[in-house]
Every structure is written in C-alpha cells, then in structure tokens.
Participant: 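Supplied in structure tokens, the structure appears directly below.
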Amino acid sequence: MSEIILFFSPELAPEVARFEPFAQLIPARQPPAEVAADSLWCDADGLALLSPRFKGRFRLADEALLKRVHGPSDLVRACDLRPGAEVSVLDCFAGFGTDAAVLAQHGARVTCYERSEITWLLLQDYVTRLGLPINARHGDGCAAVDAGAHDVVYLDPMFAPRSKKALPPRAAQHLRDLAVTTPIDLPRVVERARVCARQRVVLKRRPKDELVGTPNHQVTSKTVRFDVYLPSA
C-alpha cells in the first residue's frame, strides 16, 4: 500500500477514487492541523500539499505563472521558442512544473518527468487545472533521454543548498523536502541529451556555477544561467 496519505472532502469521494493506486484515501471535513509526513489534501480547488514543517496548505498560485508567461522569459529564449513553430520539449526534472507550463504557454509540446511520486501527483493536478498540453509522467527523466528524440531537452536539476541565511521561496523548500536524492551524473546526462536532442540541450544553473562541459552559448540573468548545447554529431 502506498505511503502517501491523501485527505479529502467526503463529497469528493468519486473524484478522488482515481488516486487510490497512489495514495491512502482518508475522508476529512477539513485538512488536519498537523501531519507526521508530507501528505496531500484534496478539495474543490484540487490537490494541495500538507507539510510537517509548515502550517496550512501549499498550492501553486496560477497568478505567479501568468506573470512569467506575459513577461520576458530567458527560458523561452534559451529554448529558442518562436511563434508558430512546433517544438517538442523533454523536461527531465519537472518539479512542480512551472518551467514546463511556461514552455507550453509559448507553444511547445512538453513531455516532463518527475521522480518523486507525491510531487508528480501535484504536478498532474496543476497541469490539469491550467488546461495545458503537458504530458506529465512519473519516472526518471534522465533515462527518458534515451527513449526517443525531442527538439529540445531541458535539464533543471535541483540546485545545491546555499550557505546564505535567507531561506529560498516556500515552493523550493517543499521541492527539496520531497526530492528523490539519488545522485545524478550531470556531465553524462548532458552528453546523452545531446544525442537525443534535434535542436539543443538547455541546462539551468546558478550564474556562478561551474560549467558542465563546454556550452555553445549562454543566456544569463541575475538569478539563473541557461547553458545551451548543440546536438552532438
């Protein structure tokens, strides 16, 4: 039986039945004030995360995505998405799907992978609520680079923890708590992705992070850097 617990409003029993293969379903009039482990809550607004480290429910805000979609996007430039072009993107480290959603809103056909099952369930719900053309899959995106060709392979592995006293945004803290921590051989993944990608591989890094191999060019901002690699011969 799954270790994930999903609390839900009793009137939603028919709707939450689809989660039975992935979680223990427990009806509740309201979400519990405290949980022993990361859990899920489902109400009329969809899935939310319950964390033992935080009070209240966590649900990604659609408004935050809309600001990114309508503003300038270094991610879109790095992936070379142009109006009217049909571009397929493989997102190997989906997380909560905010980057995948931005790419989809700019016309890309996105297939994304997430290794953490509870994060994947939240991701699926997020994609469904926004009505985006994203195929969200549970599994190892690093293995998916060998499964078929895509125009763009997008790599956004979790950044290493920082020594700064200021905490990252709450979404990033949740992702770190939920992450599957199996080590990743990033140089090898980049090289394999260059074989899979028809147009480019895009790797998201902090501005001062060491390079992985030799990118063909970069798109940089104050907070992130996108290293762009062309396909290998």
Side-chain angles (χ1 to χ4, degrees), residues 65 68-69 73-117 119-128 130-159 175 179-206 209-221 224-233:
L65 170 66
R68 293 185 62 189
V69 167
S73 174
D74 292 330
L75 170 62
V76 172
R77 287 200 298 126
C79 292
D80 196 31
L81 300 185
R82 304 179 185 186
E86 294 187 3
V87 177
S88 63
V89 177
L90 174 63
D91 180 353
C92 295
F93 305 93
F96 287 137
T98 48
D99 283 346
V102 170
L103 295 172
Q105 289 278 30
H106 282 85
R109 292 178 286 106
V110 183
T111 299
C112 60
Y113 282 83
E114 172 52 46
R115 294 195 296 174
S116 162
E117 189 170 38
T119 303
W120 169 67
L121 291 171
L122 289 161
L123 169 63
Q124 276 199 320
D125 181 69
Y126 181 56
V127 167
T128 301
L130 293 178
L132 293 173
I134 296 175
N135 183 3
R137 299 179 180 179
H138 177 226
D140 184 358
C142 296
V145 299
D146 300 321
H150 294 264
D151 295 320
V152 177
V153 176
Y154 177 55
L155 305 172
D156 178 17
M158 185 168 292
F159 293 159
L175 279 177
V180 176
T181 56
T182 306
I184 298 168
D185 186 347
L186 196 54
R188 183 168 180 267
V189 173
V190 169
E191 288 307 308
R192 288 164 56 198
R194 292 182 64 203
V195 176
C196 167
R198 287 187 286 257
Q199 297 180 8
R200 60 183 56 203
V201 175
V202 177
L203 173 63
K204 185 177 182 180
R205 308 290 282 163
R206 288 193 181 118
D209 283 349
E210 292 185 5
L211 294 177
V212 176
T214 306
N216 293 90
H217 67 273
Q218 298 174 315
V219 177
T220 59
S221 69
V224 296
R225 183 186 83 221
F226 295 100
D227 295 338
V228 179
Y229 306 79
L230 297 182
S232 58

Participant: Under 3.5 Å, is there a donor-acceptor pair between the side chain of Ser88 and the main chain of Asp151?
Facilitator: yes
Participant: Taking all heavy atoms of Val189 and all of Cys142, pick out the closest pair and write down the distance.
Facilitator: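 The pair with the smallest heavy-atom distance is CG2-SG, 3.8 Å.
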Participant: With a cut-off of 6.0 Å (strictly less than), are more than 12 heavy atoms of other residues, nucleotides or ligands near CZ of Arg188?
Facilitator: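 No, CZ of Arg188 has 12 or fewer neighbouring heavy atoms, counting only those of other groups under 6.0 Å.
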Participant: What verdict does the salt bridge (charged side-chain N to carboxylate O under 4.0 Å, His left out) test give for Asp209 and Arg225, after you've listed the backbone C-alpha separation in whole Å, the side-chain angles of each residue and the deciding distance to 0.1 Å?
Facilitator: CA-CA 9 Å; Asp209 283 349; Arg225 183 186 83 221; 5.9 Å; no
Participant: Return the minimal non-hydrogen interatomic distance between Val201 and Ala197, and the atom names on each side.
Facilitator: CG2-CB, 3.8 Å
Participant: Measure the CZ-CG distance between Arg200 and Asn216 for me, rounded to the nearest 0.5 Å.
Facilitator: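 Interatomic distance, Arg200 CZ to Asn216 CG, rounded to 0.5 Å: 9.0 Å.
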Participant: Using 0.5 Å steps for rounding, measure from the CZ atom of Phe93 to the OH atom of Tyr154.
Facilitator: 11.0 Å
Participant: At what distance, to the nearest 0.5 angstrom, does CZ of Phe96 lie from CD of Glu114?
Facilitator: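 Reported to 0.5 Å precision, the distance equals 8.5 Å.
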Participant: How many angstroms lie between atom CG of Asn135 and atom OG1 of Thr111, to the nearest 0.5 angstrom?
Facilitator: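 Spacing of CG (Asn135) from OG1 (Thr111) equals 4.5 Å.
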Participant: Is any side-chain heavy atom of Val153 closer than 4.5 Å to a side-chain heavy atom of Tyr229?
Facilitator: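 No, their side chains stay 4.5 Å or more apart.
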Participant: Between Glu191 and Asp185, is a side chain to side chain contact (heavy atoms under 4.5 Å, CB included) present by the stated rule, with each step listed?
Facilitator: CA-CA 10 Å; Glu191 288 307 308; Asp185 186 347; over 6 Å; no
Participant: Looking at CG of Asp156 and CZ of Phe226, how far apart are the two atoms once the value is rounded to the nearest 0.5 Å?
Facilitator: 7.5 Å
Participant: Grab the two heavy atoms, one from Leu123 and one from Ala94, that are nearest each other, plus how far apart they are.
Facilitator: CD2-CB, 3.7 Å
Participant: What are the two closest non-hydrogen atoms of Tyr113 and Arg137, and how far apart are they?
Facilitator: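 Scanning both residues, the minimum pair turns out to be OH-NH1, 2.9 Å.
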Participant: Flag the pair Leu130 / Tyr126 as yes when at least one side-chain heavy-atom distance between them is below 4.5 Å, and no otherwise.
Facilitator: yes
Participant: Between Arg205 and Asp227 (salt bridge meaning N to carboxylate O under 4.0 Å), is one present in this structure?
Facilitator: no
Participant: Could I get the full list of salt bridge (Lys or Arg N to Asp or Glu O under 4.0 Å) partners for Arg115, not counting sequence neighbours?
Facilitator: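 Counting only residues at least two positions away or on another chain, Arg115 forms no salt bridge (Lys or Arg N to Asp or Glu O under 4.0 Å).
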Participant: Which pair of heavy atoms, one from Lys204 and one from Pro157, lies closest together, and at what distance?
Facilitator: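 What the structure gives for the nearest pair is O-CD, 4.3 Å.
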Participant: Are Pro187 and Val212 close enough that some pair of their side-chain heavy atoms sits under 4.5 Å apart?
Facilitator: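 Heavy-atom side-chain distance check passes, below 4.5 Å.
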Participant: Can you name the nearest heavy-atom pair linking Cys196 to Val145, along with the distance?
Facilitator: CB-O, 3.0 Å
Participant: Should Arg82 and Asp80 count as side-chain neighbours, where that means a heavy-atom distance under 4.5 Å?
Facilitator: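 Yes, close enough: below the 4.5 Å cut-off.
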Participant: Within this structure, what is the CG-CG distance for the pair Leu75 and Leu103, rounded to the nearest 0.5 Å?
Facilitator: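 One finds 4.5 Å between CG of Leu75 and CG of Leu103.
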